[in-house]
There are 2 protein chains.
Amino acid sequence: MGRGKIPIRRIENPTSRQVTFSKRSNGLLKKAKELAILCDAEVGLVTERYNKVKEECRQLVNPTADVKFWQGEAARMRQQLQYLQQSHRQLFGEELSGLNVKDLQKLENQLETSLKNVRINKGNHIVQENKELQKKVTLLHQEKSDLQKKVLT
Amino acid sequence: MGRGKIPIRRIENPTSRQVTFSKRSNGLLKKAKELAILCDAEVGLVTERYNKVKEECRQLVNPTADVKFWQGEAARMRQQLQYLQQSHRQLFGEELSGLNVKDLQKLENQLETSLKNVRINKGNHIVQENKELQKKVTLLHQEKSDLQKKVLT
DNA sequence: AACACTATTCTTAGTAC
DNA sequence: CGTACTAAGAATAGTGT
């Protein structure tokens, strides 16, 4: 989709993350609008704020406005927290009463994907650890035989 | 973007409109998800109206003190959010780089348990639905045979 | 930061099942 | 309602300004 393929995982470099956010946001918005027009649908796209907003740079010049700002921030985050906590419980398979069969199927698929990823990752870790242990074994063997030679002389 | 270019205007044919909606919705969802992961942002597709926060209507008594209060609230919740989001990504099997083999094993076990719970729950749902459908079938059979009797007399 | 370029990858319209 | 295929076309990662 560009000069090279990039893996879908958090972009660590803040600059490219910002650039990608900007570019892809535009693309997403365009597609959402198209869908809305093409299919006569109410498609709302909420890019609920990029996490690294420049709120830290905000000056405390207008206390009254700032109260509103921070109240908004608090409210937004409280909502997100509630959503995440709910989602968490569902991911733990704990509070599933509000879900229908289709939702449950989606959740099941998500969990299967997650499980697969975790297993792949674990596998890689173990392979890596094995390699390092193998190196150590080889090294120790070498040292041992060196010492034995010294002892025999 | 396909076998031919289509103009961005309402698709009149209801069938192709539905098909396009389905296809493009999936695409949009995928891209939204990718953006969320890539840029660590909250990207949501919403169909409902955004609820206005009640707290914005709150009367401001002591703006200067309130700023500090709400800043504190926001900071506290931001911390919680970050923790939850991190945990969330791990549950999705997305950001596992910080975990060792033992942690990964724990996560794997958790996901297996969750998956089991979700499957049990889904199974129960389907059984319940089946029972209700069975009832309906029986009832309709009864009504049908009653009607047939009436017709024959 | 915001735009231009472009090779490469991704999406999707049309089609068939 | 899906799913699969394919070619046409769109999006975009990396780069430069």
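Bear in mind the structure is a predicted one, so any value in this text is a computation, not a measurement. Every chain is numbered from 1 and lettered A, B, ... according to where its sequence line falls, protein lines coming before strand lines.
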Check whether the side chain of [X] and the base of [N] form a donor-acceptor pair under 3.5 Å.
| X | N | result |
| --- | --- | --- |
| Arg3(B) | dT6(D) | yes |
| Lys31(B) | dA11(D) | no |
| Lys23(B) | dG2(D) | no |

If hydrophobic clusters are built from ILVMFWY residues whose side chains come within less than 4.5 Å, do Phe92(A) and Leu104(A) share one?
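Same hydrophobic cluster.
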If the cut-off is 4.0 Å, is [X] near the phosphate of [N], judged by side-chain N/O to OP1 or OP2?
| X | N | result |
| --- | --- | --- |
| Arg24(B) | dA13(C) | yes |
| Gln18(A) | dA1(C) | no |
| Ser16(B) | dG14(C) | no |
| Lys30(A) | dA10(D) | no |

Whole angstroms only, please: what is the CD1-P distance between Ile6(A) and dT12(D)?
10 Å
Between the main-chain N or O of Glu94(A) and the side-chain N or O of Arg89(A), is there a donor-acceptor pair closer than 3.5 Å?
no
Check for a donor-acceptor pair, side chain of Thr113(A) on one end and backbone N or O of Asn109(A) on the other, with a separation under 3.5 Å.
yes
Give the angle between the helix axes at the two ends of the helix from dA2(C)-dT17(D) to dC17(C)-dG2(D), taking five base pairs at each end and rounding to 10°.
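Axis angle across the helix from dA2(C)-dT17(D) to dC17(C)-dG2(D), nearest 10°: 40°.
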If you look at every strand shown and take non-hydrogen atoms under 4.0 Å, does Ser22(A) touch a base, only sugar-phosphate, or nothing?
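Touches nothing.
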Using a 4.0 Å heavy-atom cut-off across all strands, classify Lys5(B) as base, sugar-phosphate, or nothing.
sugar-phosphate
Please determine, by modelled atom types, if Asp146(B) and Gln142(B) share a side-chain donor-acceptor pair under 3.5 angstrom.
yes
